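Residue numbers begin at 1 in each chain, while the letters A, B, ... track the order of the sequences. What you see is a predicted model, and the numbers here were worked out from it, not measured in a lab.
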There are 2 protein chains.
Amino acid sequence: MATIYDVSQLAGVSLATVSRVMNKNTNVSEKTKQKVLAAMAELGYRPNTFAQSLASNCSNSVGVLVSQLDGPYYGPMMAEIEAALRADNRHVIIAVGHSDAAQEIDSVEFLLSKGCDALILDVEAISDDYLIKLSQSSTPIVLINRYIAEISDCCIYLNNELGGYMATRHLLDLGHRDIAYISGPSKKHDAIERLEGHKRALAEVGISYDPALCFEGDYKEDSGVDGMNYLFSQNKTFTAVVCANDQMVSGAISVCLERGMQIPQDLSFVGYDNIPFARYVSPKLTTVNNPIHEMGKMAALWLLKNLYKQDLEVENVFEPELVVRNSAIRI
Amino acid sequence: MATIYDVSQLAGVSLATVSRVMNKNTNVSEKTKQKVLAAMAELGYRPNTFAQSLASNCSNSVGVLVSQLDGPYYGPMMAEIEAALRADNRHVIIAVGHSDAAQEIDSVEFLLSKGCDALILDVEAISDDYLIKLSQSSTPIVLINRYIAEISDCCIYLNNELGGYMATRHLLDLGHRDIAYISGPSKKHDAIERLEGHKRALAEVGISYDPALCFEGDYKEDSGVDGMNYLFSQNKTFTAVVCANDQMVSGAISVCLERGMQIPQDLSFVGYDNIPFARYVSPKLTTVNNPIHEMGKMAALWLLKNLYKQDLEVENVFEPELVVRNSAIRI
DNA sequence: CTGTTAGCGCTTTCAT
DNA sequence: ATGAAAGCGCTAACAG
């Protein structure tokens, strides 16, 4: 493998000059620049990134920590992050936190030990305090899907409360009055916020929230199944159910279908996230759009702007949108 | 940030000794080892990976190139790769190839330029020749979802032809005789192989393959929609359709449902891949299981064994399995 | 505009 | 078992 030294020899210039043309330093005459470029091409020269990183203290890598890699949720986000960073010749290192505090912390340590220039974190279990402290260290972080007032500038998040409100409000507008709710884990911020929105919509029309009509799931399909079974076991009437994410409505609907029910004729459903499959299942899901890929992109742009000093506009908070399809009808 | 030098000072030993304990070199007395460990702990020492990589010419990173990050397919694979490598303190750098030859090549160059110790590639468009040549370079590669005879040792793949055969054979066994097929892109190896299997099953019972009953999709939901519309427009009779992946059956079924058809009563479907959603859509999909996460894991183990010299068993070829659910019934 | 030179923090012979 | 010292390939003052 050719080194910068070989290039400088071939081009008949010094190491520094070669380094300058690599780093697009302007103080190089067009002529020498061409000589150097030619030498590089001839040698098939490829700079050693480790030597660069060691000398410059910049690795051009950003670590991305997500809760999980499988599932429909993080793929689109990772795709946007990779694309935005890659376009600027930076690379992304991935790590998975499994929604567990110890593993999440271990993962940020891991990423830090790998010398990332910055971290993009989608973490559930790590405490606010830890993150605030982390944000004060020399490695910049950006938080996706989480709002912490003290470090709001580096938070990219969705207005989940509003989304929860919209879902239930839609059902209310369709005439439903007995609305069940299958929630996400009560320790996840977004799950709490979505449920808050649900309650606000209910309160707005004077309906009191009935805990018996609320089941706490874990965002996976199976807990939609469990939730539905629980709700049926309550012997309460309800004409609609909102689920805190689309995967759970998928599970929930499957048990209804197995019982021979017709959806949405017998029961209306509203989901959350608008995952790709929401348009293809039957009935097509009425759901709240979660612009997760846009947030991923924005996180990358945030870094490009604040760390790598590009001139870019960045927005922190995203608004959910109701996507009306066929799983909820007027009562 | 403390350096190895600080540690050596505090412990009262030389740089070399500190380096030895980091690298688990045996030639260190237990006593000095403890002194060094204590010094490290006290300083919160974290080795600089770039200096390590520069000096040792080993980065402990492996590049993973996939066609896409969104979609249900690659998540499970990436998850397994990350977990297996991470457990051994290696990290994974991701890149996306978008099933385009130029972008795929650009991605491997990118990964190589980032100093990866090895590459895990799931590439569609790159030529066999390029890959054979690449495998002869100093950076090991392992191919997922692809078989190239000349470098079969580093290929981890599924017997796609057999899977295609199984899907159609199942329908045949259920009494179907007029079976349509929605294929993947004719330039993708796995799509070709699956179709081959379909043809073999047909031939086995003396049915001649009718090109008019075959539509070439692109593995995405929308092409399942297109495929179904095409098939209906042919005015041919068929009682079942096999799709080369589950996403396309999802799209295909949605158009049937819109036409007021009952699935599987009016038309049977068999898919391929057994993506997570296959169990939750209605009807639950009868499909061919694709152990993509196992293949991902195996690719990681292959590297652990061949590159990082761990003592492990690795298998190259995986067998598909028919998963019988509710989307196909006896005619 | 170009060259010289001193590191960046670690690994790895080679001595002892 | 431990230490001294020579790099690994590059960047970034500094000098000219």
Side-chain angles (χ1 to χ4, degrees), chain A residues 1-40 43-61 89 112-117 138-139 308-309, chain B residues 1-40 43-61 89 112-117 138-139 308-309:
Chain A
M1 195 79 257
T3 73
I4 193 175
Y5 180 77
D6 301 322
V7 176
S8 75
Q9 291 292 299
L10 215 184
V13 299
S14 72
L15 295 185
T17 300
V18 177
S19 177
R20 286 190 187 99
V21 346
M22 279 200 284
N23 297 295
K24 310 197 186 309
N25 189 314
T26 46
N27 292 334
V28 183
S29 74
E30 187 58 28
K31 203 168 141 191
T32 24
K33 182 175 167 185
Q34 292 309 328
K35 267 195 305 188
V36 172
L37 257 18
M40 285 177 166
L43 293 170
Y45 171 69
R46 196 181 277 163
N48 180 316
T49 54
F50 306 120
Q52 287 180 314
S53 297
L54 181 58
S56 68
N57 199 31
C58 168
S59 68
N60 290 314
S61 74
N89 204 34
L112 253 20
S113 80
K114 293 304 182 181
C116 295
D117 286 343
S138 57
T139 306
Y308 299 122
K309 303 306 174 195
Chain B
M1 194 79 256
T3 71
I4 194 174
Y5 180 77
D6 302 320
V7 176
S8 75
Q9 291 292 299
L10 215 185
V13 299
S14 71
L15 295 186
T17 301
V18 178
S19 178
R20 286 190 186 100
V21 348
M22 278 200 284
N23 297 296
K24 311 196 186 310
N25 189 313
T26 47
N27 292 335
V28 183
S29 75
E30 186 59 26
K31 203 168 137 191
T32 24
K33 181 176 167 184
Q34 292 308 326
K35 269 195 304 187
V36 172
L37 257 17
M40 285 178 165
L43 292 170
Y45 172 69
R46 194 181 279 161
N48 180 316
T49 53
F50 305 120
Q52 287 180 314
S53 297
L54 181 58
S56 68
N57 199 31
C58 168
S59 68
N60 291 313
S61 74
N89 202 33
L112 254 19
S113 80
K114 294 303 181 181
C116 295
D117 286 343
S138 56
T139 306
Y308 299 123
K309 304 304 174 197

A/Asn60 CG to D/dC10 P: how many Å, rounded?
15 Å
Working to the nearest 0.5 Å, report the span between CG of A/Leu43 and CE of A/Met1.
9.0 Å
Less than 4.0 angstrom between a side-chain N/O of A/Thr3 and OP1 or OP2 of D/dG9, yes or no?
no
Nearest heavy-atom approach of B/Phe50 to A/Ser59 is CZ-CB, 3.2 Å
Using whole Å, what does the distance between atom P of nucleotide D/dG9 and atom CE of A/Met40 come to?
15 Å
Whole angstrom value for the distance that separates P of C/dG3 from NZ of A/Lys33
17 Å
Begin from the C-alpha positions of B/Tyr5 and B/Val18 and carry the test side-chain contact (heavy atoms from CB on, under 4.5 Å) through to its verdict.
CA-CA 9 Å; B/Tyr5 180 77; B/Val18 178; over 6 Å; no
Taken to the nearest whole Å, CG/A/Asp6 to C1'/D/dC10 is 13 Å
Interatomic distance, A/Asn27 CG vs C/dG3 P [rounded to whole Å]:
13 Å
Nucleotide-resolved protein contact map, nucleotides 11-16 of chain D, B/S/- at heavy-atom distance under 4.0 Å
SBBB--
So what does A/Thr32 hit on the nucleic acid, given a heavy-atom distance under 4.0 Å: a base, only sugar-phosphate, or nothing?
sugar-phosphate
How long is the line joining CZ of B/Phe50 and C1' of C/dG9, in whole Å?
12 Å
Determine the contact category for A/Asn48: base if any of its heavy atoms lies under 4.0 Å from a base atom, sugar-phosphate if only primed atoms, P, OP1 or OP2 are that close, otherwise nothing.
sugar-phosphate
Assign each of B/Leu54 and B/Ser29 the nucleotide of DNA chain D bearing its closest heavy atom; nearer the 5' end lies the nucleotide of B/Ser29
Between B/Gly115 and B/Ser61, the two heavy atoms sitting closest are O-OG, 3.9 Å
Starting the side chain at C-beta, find the nucleotide from C/dT2, D/dC8, D/dA4 nearest to B/Ser14.
D/dA4
Heavy atoms of other groups near B/Asn60 CG, more than 12 under 6.0 Å:
yes
NZ of A/Lys31 versus P of C/dC1: gap in Å, rounded?
14 Å
Under 6.0 Å from the CG atom of A/Asp117, do we count more than 12 heavy atoms belonging to anything else shown?
yes
Phosphate oxygens OP1/OP2 of D/dG3: is one of them under 4.0 Å from a side-chain N or O of B/Thr17?
yes
Does any N or O in the side chain of B/Ser53 come within less than 3.5 Å of the main-chain N or O of B/Thr49, such that one atom is a donor and the other an acceptor?
yes
